[in-house]
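Below: one structure, written as structure tokens.
Atoms within a ligand are numbered from 1 in the order they appear, just like the ligands themselves. Because only heavy atoms are used, hydrogens play no part in the values below, and waters and symmetry mates are left out as well, while side chains stay in.
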Amino acid sequence: MSKKNDLEAYLGKDRVKEKVNLAPYLTMKTKTIARYFFQARTREDLIAAKKASLLLNIPLILIGVGSNLIIVKNKLDFLVVVNKYIHKEIIGREGDSVMLSVSSGYPVGKLIQETINEGLSGFEYHLGLPGTVGGAVFMNSKWTKPVSSFGDNLIYAFVIDNKGEVKRVEREYFQFSYGFSILQKTREILLEAVFKMRKSDPPILKETAADSLKYRRLTQPTGIYTSGCFFKNITLLEKEKHGLPTTSAGYLIDKSGLKGLRVGNFYVSPKHANFIVHEGEGETADLLKLVKLIKKKVKEKFGIDLQEEVIVI
Ligand SMILES: Cc1cc2nc3c(=O)[nH]c(=O)nc-3n(C[C@H](O)[C@H](O)[C@H](O)COP(=O)(O)OP(=O)(O)OC[C@H]3O[C@@H](n4cnc5c(N)ncnc54)[C@H](O)[C@@H]3O)c2cc1C
């Protein structure tokens with residue numbers, strides 16, 4: 001039996017594809033060929049994929065909408081799983097709040113629009129954030145005005161651990177901080193998260209969300225191939241140490257004179273210096289060269305080592 005057949009014994013007949021180009025599944029649209037490819041549509045699909053990966057010894061990579069992933073390898077000898085597990089339900093009510101369970105493949109944009117229309121407050125600042133709930137919890141995706149993070153209202157969740165077992169974990173387990181959740185270390189798979197949402201008026205939520213989106217459109221380029229902010233902002237400690245006015249990595253790149261800097265088909269956005277833009281048909285070797293150049297110039301100018309915020313594989 002081929003490995004594809006072995007995988008299909010767990011994942012279902014004709015559900016595993018071979019040698020799939022991942023460009024359509026990554027917002028940066030770089031080309032990488034996945035050896036095995038599977039779209040998970042249910043909680044059971046995700047559990048089966050994890051178990052198959054363990055039993056057949058094939059490493060698994062989970063993709064939400066690939067808006068924070070940079071794959072620089074031309075080929076991945078992995079099982080690549082795209083998360084299309086989409087489900088949401090109110091599972092409890094407590095005074096002025098509701099407990100909302102959301103599956104990890106739920107598109108964040110859809111979730112935000114729906115909760116705003118339903119008068120549920122908690123995600124409105126994030127309007128315009130691409131990705132899935134799984135990716136947003138993994139990254140604890142954040143917004144600046146006001147400072148807020150996707151995990152702020154998470155109460156508990158279900159994850160698949162590295163033995164393929166499902167476990168319930170409480171909020172504290174995630175160790176949320178700016179741009180961080182424990183999933184980045186444990187590599188466990190989020191299945192569903194339960195959020196406490198406050199009841200509010202849809203018109204108020206719509207206005208807040210519209211303000212956030214307006215600021216996003218003002219500061220970020222749109223309609224391009226990118227993975228958003230490429231580098232992490234520096235810490236407050238570094239800001240103080242270097243006497244800088246801000247922690248923004250974009251500021252450091254801008255002040256190093258790098259807006260518009262180009263290698264091959266990749267360039268630094270003239271609108272937001274922490275966005276790297278891909279024109280299409282680019283070689284990832286050029287992207288790596290550009291990243292190296294940005295780091296070198298920022299180090300020369302400020303003595304600071306920029307760290308990638310995106311997940312690089
Ligand atoms: C135009 C643009 C604007 C952006 N704006 C912001 C912003 O304002 N704030 C911000 O913080 N980020 C921003 N981002 C980055 C990105 O959108 C977020 O980090 C997003 O939450 C990632 O979700 P995703 O589903 O695309 O994750 P992916 O990129 O698919 O995956 C990212 C990582 O999460 C892991 N992962 C995905 N799903 C799960 C799961 N179910 N369980 C465990 N691990 C999982 C993946 O394996 C991978 O390691 C932006 C990106 C773009 C392109």
Atom NZ of Lys88: over 12 foreign heavy atoms under 6.0 Å: yes

Would Phe150 and Phe138 count as a close aromatic pair, with their ring centres under 6.0 Å? no

Does [X] reach ligand 1 with a nitrogen or oxygen that is under 3.5 Å from one of the ligand's nitrogen or oxygen atoms?
| X | result |
| --- | --- |
| Val65 | yes |
| Lys142 | yes |
| Gly66 | yes |

Hey, are Asp286 and Lys289 close enough for a salt bridge, meaning a charged N less than 4.0 Å from a carboxylate O? yes

Hey, are Lys295 and Asp305 close enough for a salt bridge, meaning a charged N less than 4.0 Å from a carboxylate O? no

To the nearest 0.1 Å, how far is [atom] from its closest protein heavy atom, and which atom is that?
| atom | value |
| --- | --- |
| atom 15 (C) of ligand 1 | Asn68 OD1, 3.2 Å |
| atom 18 (C) of ligand 1 | Ser141 OG, 3.5 Å |
| atom 47 (O) of ligand 1 | Leu62 O, 2.7 Å |
| atom 30 (O) of ligand 1 | Gly64 N, 2.7 Å |
| atom 31 (O) of ligand 1 | Leu69 CG, 4.0 Å |
| atom 4 (C) of ligand 1 | Pro130 CD, 3.6 Å |

Counting heavy atoms only, which of Gly128, Gly179, Ser67 is nearest atom 22 (C) of ligand 1? Ser67

Heavy-atom nearest option to atom 6 (C) of ligand 1, drawn from Thr219, Ile224, Leu129, Thr27: Leu129

Give the atom numbers and elements of ligand 1 that come within less than 4.0 Å of a heavy atom of [X].
| X | answer |
| --- | --- |
| Gly131 | 23 (O), 24 (P), 25 (O), 26 (O) |
| Ile63 | 30 (O) |
| Leu190 | 40 (C), 41 (N), 42 (N), 43 (C) |

Over 60° means perpendicular and under 30° means parallel, so classify the ring planes of His272 and Phe275, tilted if in between. tilted

Measure up the Phe37 and Tyr25 rings against each other and bin them: parallel (under 30°), tilted (30 to 60°), perpendicular (over 60°). tilted

Do [X] and [Y] have side chains that approach each other closer than 4.5 Å (heavy atoms only, starting at C-beta)?
| X | Y | value |
| --- | --- | --- |
| Glu44 | Ile47 | no |
| Leu62 | Leu46 | yes |
| Tyr225 | Leu26 | no |
| Val194 | Ser101 | yes |
| Tyr215 | Thr144 | yes |
| Met139 | Glu309 | yes |

If we only consider heavy atoms of [X], is any one of them less than 4.0 Å away from an atom in ligand 1?
| X | answer |
| --- | --- |
| Met28 | no |
| Arg216 | yes |
| Glu188 | yes |

Under-4.0 Å heavy-atom contact with ligand 1, by part of Ile311 that carries it: side chain

Check Ser227 against ligand 1 and report side chain, backbone, both or neither, counting heavy atoms closer than 4.0 Å. backbone

